[in-house]
Amino acid sequence: MSGSVPYRNPGWAGNTGEFQLSEAQVRGDDFVGTRPLAGGHASGSASYPYMLEEKRPDAPLFEGPYQDRLDKILTRYPDKRAALLPVLNLAQEVRGHVSPETMDRVAELLELPRAYVRGVTTFYTMYNKRPVGRFLIQVCTNISCNLCGADDVMEAFLRYANTEPGETSAEGDFTVVEAECLAGCGFPTCVQINSRYYENVQPLDVPKICERLRARGR
């Protein structure tokens, strides 16, 4: 499917709150603020995960504020095994992906069999099992997005990054993958880039999105 898609949900019903925020402010980055690495209050420490632009595959897993968040996470569960998913989320935040060595370290910290941790990690697609670029671009190609041109959006990202699905672009900026569903079915095509959602994405939007991302931190 190509071209414009009629009857597109604009995804914006106007400002109904007391703060008089524009759509750009609501959807943008400026109003979000910075999430504390230590996790803030313990009740929310396990709810992140947070994918950072800077990927540090060799970084120490849990030191400083990350050790603080790990300690908070462990207080939220009846035993260490129950904390496995949020601890894997935290490990991925620190290093950008979850390598076999990282899985083994998590197994050691949580006193779990290494095979068990590897089985859980490889079951979930949300864990990157190998390094990814500064920006992990996940394009939803499930039915709602697919009917509204997701394949064309996926192709546009791959063409801009000059790469193949799952591979990282030469300069290390982009890794483009398909996502089974991003739970944004009312606003196809939905794209998740690191921890942020982009709704109603069309192929013509892709260069603008990528150029803005590429300019960050340069």
Side-chain angles (χ1 to χ4, degrees), residues 1-15 21-35 48-57 89 92-93 95-97 125-218:
M1 183 175 181
S2 61
S4 61
V5 179
Y7 314 118
R8 182 174 295 278
N9 187 335
W12 176 248
N15 187 353
L21 300 175
S22 67
E23 179 178 4
Q25 288 174 311
V26 171
R27 296 192 181 283
D29 297 323
D30 296 339
F31 201 68
V32 175
T34 303
R35 303 181 75 174
Y48 274 26
Y50 194 67
M51 185 171 292
L52 305 178
E53 291 179 25
E54 181 184 5
K55 308 298 192 295
R56 301 181 297 150
N89 291 340
Q92 178 160 282
E93 177 180 326
R95 292 183 169 175
H97 75 290
T125 59
M126 66 185 182
Y127 298 121
N128 307 320
K129 267 67 79 176
R130 59 181 180 177
V132 297
R134 275 208 306 151
F135 301 101
L136 177 62
I137 300 172
Q138 301 180 71
V139 181
C140 178
T141 55
N142 212 322
I143 184 166
S144 295
C145 292
N146 187 272
L147 291 172
C148 292
D151 288 344
D152 293 337
V153 173
M154 179 76 177
E155 180 59 34
F157 276 111
L158 292 172
R159 187 165 56 249
Y160 185 94
N162 192 27
T163 188
E164 297 294 326
E167 296 182 356
T168 299
S169 57
E171 76 291 341
D173 279 341
F174 304 114
T175 303
V176 184
V177 298
E178 290 187 72
E180 181 63 22
C181 182
L182 294 175
C185 304
F187 312 101
T189 292
C190 185
V191 177
Q192 182 178 343
I193 303 179
N194 287 357
S195 295
R196 180 181 170 184
Y197 271 32
Y198 293 75
E199 300 166 342
N200 299 324
V201 178
Q202 300 183 60
L204 291 177
D205 300 324
V206 169
K208 181 179 177 181
I209 292 172
C210 290
E211 287 162 13
R212 187 172 69 178
L213 293 172
R214 181 169 270 161
R216 290 169 56 164
R218 293 302 193 201

Practice task
With rounding to the nearest 0.5 Å, note down the distance linking CG in Leu136 to OG1 in Thr175.
Solution key: 6.0 Å
Problem - Under 3.5 Å: donor-acceptor pair, side chain of Gln192, backbone of Asn194 - result: yes
Problem - Check: Asn89 and Tyr127 side chains under 4.5 Å, non-hydrogen atoms - result: yes
Fill in the blank from the handout: All heavy atoms of Pro188 vs all of Ser144, minimum pair found to be CB-O, 3.7 Å
Handout entry: Interatomic distance, Glu53 atom CD to Ile193 atom CD1 [nearest 0.5 angstrom]
Key = 10.5 Å
Exercise for the section: Supply the atom-to-atom distance Thr125 OG1 to Gln138 CD, rounded to the nearest 0.5 angstrom. Expected result: 7.5 Å
Problem - Candidate pair Phe174 and Tyr160, rule side chain to side chain contact (heavy atoms under 4.5 Å, CB included), full reasoning - result: CA-CA 9 Å; Phe174 304 114; Tyr160 185 94; 3.9 Å; yes
Anything under 3.5 Å between a donor and an acceptor, one on a side chain of residues 176-186, the other on a protein residue two or more places apart or in another chain? List them.
| from | atom 1 | to | atom 2 | distance (Å) |
| --- | --- | --- | --- | --- |
| Glu178 | OE1 | Thr141 | OG1 | 2.8 |
| Glu180 | OE2 | Asn142 | ND2 | 3.3 |

Exercise for the section: Answer yes or no: is there a side-chain heavy-atom contact under 4.5 Å between Leu158 and Pro165? Expected result: yes
Practice task
Starting from the C-alpha separation in whole Å, work towards a yes-or-no answer on side chain to side chain contact (heavy atoms under 4.5 Å, CB included) for Arg159 and Val206.
Solution key: CA-CA 10 Å; Arg159 187 165 56 249; Val206 169; over 6 Å; no
Fill in the blank from the handout: All heavy atoms of Arg212 vs all of Arg196, minimum pair found to be NH2-NH1, 3.6 Å
Exercise for the section: First locate atom CE of Met154, then atom CG of Asp151, and finally report the distance between them rounded to the nearest 0.5 Å. Expected result: 9.0 Å
Exercise for the section: Report the distance from atom CD of Glu167 to atom CZ of Arg130, rounding to the nearest 0.5 Å. Expected result: 7.0 Å
Practice task
Check step by step if side chain to side chain contact (heavy atoms under 4.5 Å, CB included) holds for Phe157 and Val191.
Solution key: CA-CA 10 Å; Phe157 276 111; Val191 177; 4.0 Å; yes
Problem - Candidate pair Glu93 and Leu52, rule side chain to side chain contact (heavy atoms under 4.5 Å, CB included), full reasoning - result: CA-CA 6 Å; Glu93 177 180 326; Leu52 305 178; 4.1 Å; yes
Exercise for the section: Check whether any side-chain heavy atom of Arg214 sits under 4.5 Å from a side-chain heavy atom of Cys210, and report yes or no. Expected result: no
Handout entry: Main-chain N/O of Met126 paired with Gln92 side-chain donor or acceptor, under 3.5 Å
Key = yes
Exercise for the section: Indicate yes or no for a side-chain donor-acceptor contact from Asp173 to the backbone of Ala161 under 3.5 Å, with no hydrogens or angles considered. Expected result: no
Completion exercise
Here the gap from His97 atom NE2 to Arg56 atom CZ, rounded to the nearest 0.5 Å, amounts to 13.5 Å
Problem - Where Leu204 and Pro207 come nearest, the two heavy atoms and their spacing - result: O-CD, 3.6 Å
